Visitor: 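One structure, pasted below without further comment.
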Amino acid sequence: MHILHVVGARPNFMKAAPVLRALGQCADVRQTPFRQTLFRQTLVHTGQHYDAGMSDVFFRQLEMPEPDVNLAVGSGSQAQQTAEVMLRFEPVVLERNPDWVVVYGDVNSTVAAALVCSKLRIPVAHVEAGLRSRDRTMPEEINRLITDQLSDLLFTPSADADENLCREGIATEKVHRVGNVMIDTLIRLLPQAGIPAEFAGLGRFVLVTLHRPANVDDLPWLREMLTALTDVSRDAQVLFPVHPRTAKRLVEANAIPSAHSRLRLLPPLPYLEFLALQRHAQVVITDSGGVQEETSYLGVPCLTVRENTERPITLTEGTNILVGRDIARLRKELERVLAQSPAAPRAIPLWDGRAAERIANIFASRV
Ligand code: UD1
């Protein structure tokens, strides 16, 4: 069986890595005496993220194979980026003629590849299906809705995702609850995620990531958040690895903290370094989806600067608190969390390091 994977943006890489690995380890027992793998795999990188720090370093640390094809689409408006992936992906998928195309998460590359395949009648499998924020102002929510409607196999991380798909009329036989593939990667690499030397001996620190358009493209709001973070940095060191979109906006908003501030802006960090910082942070402030999950697994408090989340299990079973766009609430929750002693991590069902293995078994049963 030939499986073609499509990745494009940073959060795709940690989801695809364990699936590529698990499929690669499936042996075809019929091919004796030689040990053959059951699957032929092709990896397509759309090039949505292209900086070394947003892409290459993740491939290295996650031990992913080099992409077979790079579509090099780069940045653009929502429509440009989606259309460019479609235009460049169509001839590749026609030429490679896979049995299945696997897409990940909710980025523009995901929906673009799913659209192309559905019209060519190539079966699509969606990893991380069924998540819903119910907020259609987010491009990711549109991408999730369309990708799930077009998919032939839907691999979900949690029961809420299954319920969302059922409500949208998706046939239950297409849906398989496999667990969280991103946590597979976290569990595998956590032993290698030592605190980098430059951050050793920092004492207590707050870790921040912000990149959603709703937060960073609104410059007065971005300035307000930076003021709040500067206040926090009087009590604790604040580390803020900055996404390229955010970096541009901070310059435009004239909101770069002074070089002496304990609010430290950092370049985007590689996977292992960022994981180490999450593990040792006293609290994480974010608007990322993946970080809500990783902190929940690690048992580190997470304050999410959004009005909603497509990952409600992190609120009910994890460590996530939605603070919305409310600086007073953010300050109050921060004070509370900084005064608390750390809580023990809670086990979330199927966040056990074996989600990709379940996906591989489902494909193996269809060979
Ligand atoms: C995308 C995803 C988002 C995900 C995020 C993780 C969509 C709709 N959004 O948002 O769900 O959480 O990735 O990072 O697909 N840029 C660079 N170098 C890069 C990549 C981007 O400089 O390697 C800059 C470009 O100026 C670009 C901007 O960052 O315009 C935003 O990149 P884009 O891919 O459009 O979306 P993200 O905000 O990264």
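Treat the numbers as computed from the prediction; the structure is a model and nothing was measured. Worth knowing before you read on, the calculation uses all heavy atoms, side chains too, and leaves out hydrogens, waters and symmetry mates. Counting convention: from 1, in listed order, for ligands and their atoms alike.
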Visitor: From Leu322 CG over to Asp287 CG, what is the distance, rounded to the nearest 0.5 angstrom?
Guide: 11.5 Å

Visitor: Could you check Arg144, Arg132, Arg134 and say which one makes a salt bridge (charged side-chain N to carboxylate O under 4.0 Å, His left out) with Glu310?
Guide: Arg144

Visitor: Would you kindly specify which portion of Ser288 sits under 4.0 Å from ligand 1, judged on non-hydrogen atoms: side chain, backbone, both or neither?
Guide: neither

Visitor: Throw together a table of side-chain donor-acceptor distances under 3.5 angstrom for residues 270-280, partners on residues two or more places apart or in other chains.
Guide:
| from | atom 1 | to | atom 2 | distance (Å) |
| --- | --- | --- | --- | --- |
| Tyr271 | OH | Leu186 | N | 3.4 |
| Glu273 | OE1 | Gln61 | NE2 | 3.1 |
| Gln278 | NE2 | Glu294 | OE1 | 2.7 |

Visitor: Taking ring-ring contact (aromatic ring centres under 6.0 Å, His included) as the criterion, tell me which of His45, His5, His49 meets it with Phe13.
Guide: His45

Visitor: Could you tell me whether His49 and ligand 1 have an N or O pair separated by under 3.5 Å?
Guide: yes

Visitor: Among all protein non-hydrogen atoms, which one is nearest to atom 18 (N) of ligand 1, and what is the separation to 0.1 Å?
Guide: Asp51 OD2, 3.0 Å

Visitor: Under a 4.5 Å side-chain heavy-atom rule over Ile, Leu, Val, Met, Phe, Trp and Tyr, are Leu263 and Val337 clustered together?
Guide: yes

Visitor: Counting heavy atoms only, which of His211, Glu140, His243 comes nearest to atom 9 (N) of ligand 1?
Guide: Glu140

Visitor: Is the closest side-chain donor-acceptor distance between Arg354 and Asn361 under 3.5 Å?
Guide: no

Visitor: For Pro244, take its heavy atoms, then give the atoms of ligand 1 lying under 4.0 Å from any of them.
Guide: 16 (N), 17 (C), 18 (N), 22 (O), 24 (C), 29 (O)

Visitor: Mind checking the CZ-CG spacing from Arg306 to Asn320? Nearest 0.5 Å is all I need.
Guide: 9.0 Å

Visitor: Among protein heavy atoms, which sits nearest to atom 8 (C) of ligand 1, and what does the distance come to when rounded to 0.1 Å?
Guide: Asn108 OD1, 3.2 Å

Visitor: Specify the protein heavy atom at minimum distance from atom 17 (C) of ligand 1: its residue, its atom name, and the distance to 0.1 Å.
Guide: Tyr50 OH, 3.2 Å

Visitor: Closest by any non-hydrogen atom to atom 26 (O) of ligand 1: pick that one out of Lys248, Arg245, Gln80, Arg249.
Guide: Lys248

Visitor: For ligand 1, which atoms sit closer than 4.0 Å to a heavy atom of Val107?
Guide: 2 (C), 7 (C), 11 (O), 15 (O)

Visitor: In terms of atom number and element, which parts of ligand 1 are under 4.0 angstrom from non-hydrogen atoms of Pro11?
Guide: 4 (C), 6 (C)

Visitor: Within a distance under 4.0 Å of any heavy atom of Gln81, pick out the atoms of ligand 1 and give their elements.
Guide: 34 (O), 35 (O)

Visitor: If you measure from CZ on Arg262 to NE2 on His260, what distance do you get to the nearest 0.5 Å?
Guide: 14.5 Å

Visitor: Met86: which residues meet the side chain to side chain contact (heavy atoms under 4.5 Å, CB included) condition with it, sequence neighbours left out?
Guide: Ala112, Leu115, Val116

Visitor: Among all protein heavy atoms in this structure, tell me which lies nearest to atom 34 (O) of ligand 1, with the distance rounded to 0.1 Å.
Guide: Gln48 NE2, 3.2 Å

Visitor: Which atoms from ligand 1 have a heavy atom of Ser75 less than 4.0 Å away?
Guide: 25 (C), 27 (C), 30 (O)

